[in-house]
Amino acid sequence: MPLPFDCRDGVLHVEDVPLPAIAAAVGTPTYVYSTAALRASARAFRAGLAAVPRKQLAFAVKANPNLAVLTLLAAEGYGADIVSAGEMLHALAAGMPARSLIFSGVGKTRRELAAALDAGIGQFNLELEEEGVVLAAMAAARGERAPAVLRVNPDVDAGTHAKISTGRKQNKFGVAIADAGAIYARLATLHGLDLRGIAIHIGSQLSDLGPLEAAYARIGRLVAELRAAGHAITHVDLGGGLGLAYRPEEVMPSPAAYGAMVARVTRDWDVTLLFEPGRFIAGDAGVLLTEVLWVKPGAVDPYVIVDAAMNDLARPALYDAYHDFVAVRPSGARMTANIAGPVCESGDTFAMGRDIDDVAAGDLAVFRTAGAYGATMASTYNCRALVPEVLVDGDRFALVADRITPAAMLAAQHLSPWMADEAAVPREAA
Ligand SMILES: *Cc1c(COP(=O)(O)O)cnc(C)c1O
């Protein structure tokens, strides 16, 4: 099978669609996703876990909440890990059964908890004791028991970027593992909760299985302690975090290696395991298509100014993240350049002093591995349009998220009523 992102006759294609055709139809910048790539990663992750007897797969919606993407993943048997009522709305709209939804997140509001109870979601991942108390009271008032697990912070350094590390004791997530037994015991007495296990998620973009294995081993000991204390533990949520190769030379753990480690560590647990992959599923399935606006001389290297910016793809500005940059019609020539967007921030820089395909004004190029934490983090900073999204399937493509224009955003703004009156009076006349 041909690669989903491949050069054919000198032109970069997504499946059977040449990227210039998408640029002509939709304009740039735009995200472009491959159906085949999305399905392939969803199936590879599931296949890697073949040795795990009882499991539930929940795509982390925050990685890519696009309705078309979620609909494809629902068809692959994925539920969703959601962190807001907004993400719940997207997952339900994509046809994911409410029972397949897991509600994570350190700051769920009472309104969101009520909405999730209304919808009948499958599991609440409690981040602190008080949240469990509030949820139990809300469920009991409805004559229900909310299915829940307690998120534990295992105090493991995931060895990833500090801003996407979540399992060290100084992070805001979960309850300290040392306190977990006592908190679990108190929550287990509440009638409004069907407390059934433990959740962890130690971070994202993990390049090494070691920290995950260390965290899982700690959770295994906790499960044994909780059972010894008389609790029925039937579910353990192992979170997400599997990393992706953003650089061509990077080597990341395969889903098969991850699955083998999970099967080995959890062999005696006798629980249903839940998995919440995000980046691994969507990251490689998308690119950000952009046009080179100018090539500008710089103090050391020239600046390639592209029409995509930090508001469209925030990861480089947020985490110093690397996204491979390749020309849509590579000539074979190379250049050393800085790559930057039009936003008025020095942080709006995608790369410095990088060896890239030689490009000139008017050329198209892509940032690769942009299907996860790409469009979902986009903003309208500098009154730029909200970046659109396109889905490719074979030789077909379609806009699956509109470009929200500055005019549409302006239409959502209003003067205050008193300004509307006073604005009619010129200042000098007042
Ligand atoms: C972000 C997140 C995930 C997904 O992480 P990836 O690194 O994208 O796999 C899973 N679970 C929780 C609780 C998260 O916050």
Side-chain angles (χ1 to χ4, degrees), residues 38 41-42 44-46 48-49 56-66 69-70 73 78-84 86-88 91 100-108 121-128 131 148-154 156 158-168 171-175 197-209 211-212 215-216 219 235-246 252-255 258-259 262 273-286 314-315 318-319 321 369-377:
L38 202 57
S41 57
F45 190 82
R46 185 184 293 282
L49 294 170
Q56 206 180 311
L57 304 184
F59 175 64
V61 173
K62 77 174 188 284
N64 190 325
N66 181 278
V69 167
L70 297 181
L73 293 175
Y78 278 70
D81 172 54
I82 56 170
V83 295
S84 70
E87 289 191 352
M88 182 172 80
S100 73
L101 304 190
I102 301 168
F103 199 169
S104 299
V106 72
K108 306 179 197 75
I121 68 158
Q123 179 173 296
F124 292 84
N125 289 9
L126 304 174
E127 289 269 357
L128 71 165
E131 184 189 14
V149 300
L150 180 63
R151 179 165 178 180
V152 171
N153 183 326
V156 167
T160 186
H161 191 283
K163 286 186 184 165
I164 48 176
S165 186
T166 55
R168 290 180 300 171
N171 294 136
K172 68 179 176 180
F173 298 99
V175 303
I198 295 294
I200 58 166
H201 170 72
I202 64 167
S204 197
Q205 184 54 10
L206 304 188
S207 55
D208 178 359
L209 294 178
L212 281 169
Y216 296 173
I219 292 311
H235 291 72
V236 175
D237 184 336
L238 296 179
L242 197 57
L244 271 185
Y246 283 83
M252 284 287 164
S254 66
Y258 174 71
V262 168
L273 291 177
L274 297 94
F275 298 89
E276 303 170 343
R279 186 187 310 273
F280 180 83
I281 304 296
D284 266 337
R315 299 184 67 258
L318 262 184
Y319 317 128
T369 324
Y373 305 106
T376 180
M377 283 189 178

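One-based numbering, in listed order, for ligands and for the atoms of each. Please read these numbers as outputs of a predicted model, since none were measured by experiment.
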Below 3.5 Å only, please: the N or O atoms of ligand 1 paired with protein N or O atoms, distance on each line.
residue  : atom   : partner : partner atom : Å
ligand 1 : 7 (O)  : S204    : OG           : 2.3
ligand 1 : 7 (O)  : G241    : N            : 3.3
ligand 1 : 8 (O)  : R279    : N            : 2.7
ligand 1 : 8 (O)  : Y373    : OH           : 2.6
ligand 1 : 9 (O)  : G241    : N            : 2.9
ligand 1 : 9 (O)  : G278    : N            : 2.9
ligand 1 : 11 (N) : D81     : OD2          : 3.3
ligand 1 : 11 (N) : E276    : OE1          : 2.5
ligand 1 : 15 (O) : K62     : NZ           : 2.8

*What is the ring orientation for F124 with F103, classed by angle as parallel under 30°, tilted 30 to 60°, or perpendicular over 60°?*
tilted
*Please name all residues satisfying side-chain contact (heavy atoms from CB on, under 4.5 Å) with A372, sequence neighbours left out, ordered by chain then number.*
A63, R279, A282
*Go through N125 and D237 one step at a time and tell me if the side chain to side chain donor-acceptor pair (under 3.5 Å) criterion holds.*
CA-CA 9 Å; N125 289 9; D237 184 336; 3.0 Å; yes
*Evaluate the ring planes of F45 and F280, with Trp represented by its six-membered ring, and classify them as parallel (under 30°), tilted (30 to 60°) or perpendicular (over 60°).*
tilted
_Between D81 and S104, a side-chain donor and acceptor under 3.5 Å_ = yes
*Establish, for the pair K62 and Y373, whether the NZ or CZ atom is under 6.0 angstrom from the six-membered ring centre and no further than 45 degrees off its axis.*
no
